[in-house]
Structure formats: C-alpha cells, structure tokens
There are 2 protein chains.
Amino acid sequence: MPTRQDSDSFGFIVGDISRLIRAEMERRIAAAGLSVTPGEGRTLLNIARIGTVRQNVLAERMGVEAMTLSGYVDRLEQRCLVSRAVDPADRRAKLVSLTSEAEGVVEELRALGDSLRADLSRTMRSDEWDALMANLRRIREDLAGMKCKTPAVVETGE
Amino acid sequence: MPTRQDSDSFGFIVGDISRLIRAEMERRIAAAGLSVTPGEGRTLLNIARIGTVRQNVLAERMGVEAMTLSGYVDRLEQRCLVSRAVDPADRRAKLVSLTSEAEGVVEELRALGDSLRADLSRTMRSDEWDALMANLRRIREDLAGMKCKTPAVVETGE
DNA sequence: GCTGATAATAAGCACCCCTTACAAAGATGC
DNA sequence: GCATCTTTGTAAGGGGTGCTTATTATCAGC
C-alpha cells in the first residue's frame, strides 16, 4: 500500500491543482478581456447547462449554500448577465436565467476551459484521461456522500 | 475526443473535490478536538517533512506568497506550535521549526489524512490509485509550468 | 561605498465560503 | 379556517485563503 505520505499528497495535490487551475483561468479570463470571478463563472456555466432554474436548486447543484449563491447571482445580475424572476408556482422562490448578453461570455468561458483542458490532457491518451475523470468523479461522489447531503451535489458541473 | 463539457468538468471536479476534502478534513479535525485551519495544517505538515526551514523556502514549497505564509506562521506561533528564529547565516531571514507540542498535532493530522485517503481509495486497486496520483502530479507540474514559476512548486507537499 | 536584490512584515483588499436570524410564502394536520 | 412547521431568499456578520504595494533591514556584487 502507498506510504502514509500519500494521505497528504492526494489532498495536497488536488488542492494545488485547484488553486493553479483557478489562477490560470483567471489569467486567461483577464487576457480575454472578461472580468468574471471563478465563482461567477461557475454560476454562469451551470445556469447555461441547466437552463432557467430556482436559486435553491442551483445552489444545491453547485454545492454551496443559498447565501453564497445569492451573492454570485447579485453580482451577475448587476452586470446584466443573469435575470431573476419570481417563480409563478411558488412566490417564495426566484428563477434565474441567463441574459442574451451572457451568451458570448459563456462561449468564451467554455473556449478557455476547452483550451486549458486540451493543454492538460495533451500528453495523455484518451482512455487514460477518461479513467482519470471517472476516478475523480467517483471520489467526488464518495466525498459528497460523507457529507450526508443529497446526491444532487454529484451532478454539479456535469 | 471528450466533449467540450469535459473542459468544465475537470476544473469543476477538481474544485469540488478540493472543497469537499477541505470540508471533510475540517469536520474530522474538529471531531478530533484539534482546531487547525487547512492552511495551518498544511504548514505544519510541510515543516514536519522539511524540518527547520526559512520562511521564504517554505512559502515557495507550499506555492503561496511570503505574506500568506507569514500569516499562517503567525497564528501557529501564537499557538506555540512553531517557533521562529533568526537565521544566523542571514539576518534578514527567519527559520521556522515545529515545537514539541506540535508533534502530537502533526501525528493526528497525518492519521486523519491517512484515514480519508483510505476511505477514498477503498474501491480502487493499488495500481489504479498509483496511476491517478501520477497523472495528477503531472497535471500539477504542467500547470505550475504555465505559471512560469520555478519548479520548486512541483515539489510542494511531496 | 554604492547599487540592486532579498526576506519578512504592515496595510489593505478581493474572493469564497459559512452561520444565525428573519420575513414571506407554502404545506400539513386538526 | 387556523395553528404549526417548513421552505426560500436575503440581511448582517465573520473567518480563511489568498494577493498586491510598500517599507525596512540586510545581503551580495562590483
């Protein structure tokens, strides 16, 4: 079995990668003339995938608390990238959708993400990459299960 | 080739995993009666690995700026888990070491990390895990190279 | 001795979260 | 119909993880 250092290493490596990806994406986003924070970007991409959605559902999909999501949506709404509307089926709830202005931004974010992914998988065979992704997804699922939250978290970003 | 969704997915997945690991470790750390933040924990484990070290070297190893590291060390010093001493070879520099009190904390952190790693790799064969780790390490190296920093970042946590 | 670089820290800030609390709306049971 | 509990989104407040610019003291090289 791996030495005990592996216990540090997985968490450290994933943390490092996460931080480095974030920094790299921020650089590419800035270079592309966008000014979207990572959280906002994530929110946009998730709405793009899901379509018009309630805030609470979106928060759950993204694995963050309602308050956190509300802050992201606030800032995106101010930038006219998303719009909020009361859900006619339940007046407590708000529906969030992308504006037409957001479409270009979303496309750019996707392209940047594509580019980075291509850079990172450049030296890997397709099946290797698929295995890596499958393993990471399972690990994420395991971790989400530890939290005893609903499995909706598993589907975040997919 | 993978669909464009993969570009979102890798970054998202790693980010999710990073966040979930952090949350899970915080839960386990709190349950163990420790009260160490992730950054502080990382700092302790890195010092434990490296031994007495200059702050600037430690910061570089951990992939953070000097100021960030200084803050971590401040808090750990206040908790009597690390001690600072002027480096006799260069009075600008400070050497940081673990105190004897930190030893138990470090052991606990390692045990918690071991436990989590075991939980996560439970369903994977050893060679699968090794392949995953090797791929993640290479990806981290690629990302670090994009940043055009010194390769010392590659060695962080190892 | 002078110049440029380095190490650590002060000050300030952004971002990403979270918690507690609350008001409005909805669901449920009697 | 009413009381009670739950849900949704937000106000207020705060912690952690970073970073940048600036500064001081020290060091290295010429």
Side-chain angles (χ1 to χ4, degrees), chain A residues 11-12 15-16 18-27 29-30 35-43 53-60 62-78 82 84-96 147 149-150 153 156, chain B residues 11-12 15-16 18-27 29-30 35-43 53-79 82 84-96 147 149-150 153 156:
Chain A
F12 281 175
D16 284 348
S18 178
R19 210 170 49 240
L20 289 167
I21 284 181
R22 191 177 192 152
E24 184 61 26
M25 282 301 290
E26 285 180 5
R27 274 192 292 271
I29 285 172
S35 55
V36 172
T37 68
E40 291 163 8
R42 229 167 25 104
T43 303
V53 63
R54 283 186 184 181
Q55 283 185 214
N56 68 320
V57 172
L58 184 57
E60 195 170 323
M62 289 173 63
V64 295
E65 294 300 316
M67 208 38 235
T68 305
L69 189 277
S70 188
Y72 292 152
V73 173
D74 282 348
R75 297 199 295 279
L76 291 170
E77 192 180 25
Q78 276 167 20
V82 303
R84 275 174 165 121
V86 173
D87 185 347
D90 182 344
R91 280 176 300 171
R92 297 171 300 183
K94 299 269 180 66
L95 296 174
V96 180
K147 200 174 172 183
K149 288 286 183 74
T150 63
V153 172
T156 304
Chain B
F12 282 175
D16 285 348
S18 178
R19 212 168 52 235
L20 289 166
I21 284 181
R22 192 179 191 149
E24 184 61 26
M25 282 300 292
E26 284 179 5
R27 275 193 290 274
I29 285 172
S35 56
V36 172
T37 69
E40 290 163 9
R42 230 168 25 107
T43 303
V53 62
R54 283 186 184 181
Q55 282 185 214
N56 67 322
V57 172
L58 183 56
E60 196 170 321
R61 288 290 180 90
M62 291 173 63
V64 296
E65 295 298 318
M67 214 27 243
T68 306
L69 190 276
S70 188
Y72 292 152
V73 173
D74 282 348
R75 298 202 295 277
L76 290 169
E77 192 181 26
Q78 276 168 17
R79 311 245 321 269
V82 303
R84 274 173 167 121
V86 172
D87 185 348
D90 181 344
R91 280 177 301 171
R92 296 171 302 183
K94 297 269 181 71
L95 295 174
V96 181
K147 201 174 176 183
K149 288 282 184 76
T150 63
V153 172
T156 305

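By convention in this document, chain letters (A, B, ...) are assigned in the order of the sequence lines, proteins followed by strands, and residues within each chain are numbered from 1.
Residue A/Met67 contributes atom CE, which lies 6 Å from atom P of D/dA11 at whole-angstrom precision. Rounded to whole Å, the distance from NZ on B/Lys94 to P on D/dT24 is 17 Å. If you take CG of A/Asp74 and C1' of C/dC15, they are 15 Å apart, rounded to a whole angstrom. Atom CZ in B/Arg27 sits roughly 11 Å away from atom P in C/dC18 (whole-Å rounding). Atom CD in B/Glu60 sits roughly 17 Å away from atom C1' in D/dC19 (whole-Å rounding). The nearest whole Å value for the distance from the CD atom in B/Glu40 to the P atom in D/dG16 is 7 Å. Going from atom CG of B/Leu20 over to atom C1' of C/dC18 covers 15 Å, rounded to whole Å. Atom CZ in A/Arg22 sits about 11 Å away from atom C1' in C/dA14, given to the nearest Å.
Within the 4.0 Å cut-off from OP1 or OP2 of D/dG9, at least one side-chain nitrogen or oxygen of A/Asn56 is found. For the pair A/Ser70 and D/dG9, the criterion of a side-chain N or O lying under 4.0 Å from OP1 or OP2 is not met. Between B/Arg84 and the phosphate of C/dT9, there is a side-chain N or O to OP1/OP2 separation shorter than 4.0 Å. Within the 4.0 Å cut-off from OP1 or OP2 of D/dT17, at least one side-chain nitrogen or oxygen of B/Thr37 is found. Considering only side-chain N and O atoms, B/Arg19 lies nowhere under 4.0 angstrom from the phosphate OP1 or OP2 of C/dC18.
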Legend entry - From CA spacing to verdict: side chain to side chain contact (heavy atoms under 4.5 Å, CB included), A/Val64, A/Arg42: CA-CA 11 Å; A/Val64 295; A/Arg42 229 167 25 104; 4.0 Å; yes
Inset, instruction - Decide side chain to side chain contact (heavy atoms under 4.5 Å, CB included) for B/Arg84 and B/Asp74; before the verdict, give the C-alpha distance in whole Å, the side-chain angles of both, and the deciding distance to 0.1 Å. - result: CA-CA 9 Å; B/Arg84 274 173 167 121; B/Asp74 282 348; 2.9 Å; yes
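Side chains of A/Lys94 and A/Ser70 form no contact here, defined as non-hydrogen atoms less than 4.5 Å apart. Side-chain contact check for B/Asp16 versus B/Arg19: some heavy-atom pair is nearer than 4.5 Å. Between A/Met25 and A/Arg22, the closest side-chain pair of non-hydrogen atoms is not below 4.5 Å.
Two residues, A/Ala89 and A/Tyr72, neighbour DNA chain C, and the one matched to the more 5' nucleotide by heavy-atom proximity is A/Tyr72.
Residue contacts for B/Ala66: at a heavy-atom cut-off of 4.0 Å it reaches a base atom on one of the strands shown.
With D/dG16, C/dC17, C/dA7 as the candidates, the nucleotide lying closest to the side chain of B/Pro38 is D/dG16. For A/Thr68, taking side-chain heavy atoms from C-beta onward, the closest of the listed nucleotides D/dT26, C/dC17, D/dG9 is C/dC17.
Side-chain atoms of B/Arg91 and base atoms of D/dT26 include no donor and acceptor less than 3.5 Å apart. Counting atom types as modelled, B/Arg92 pairs a side-chain N or O with a base atom of D/dT26 as donor and acceptor under 3.5 Å.
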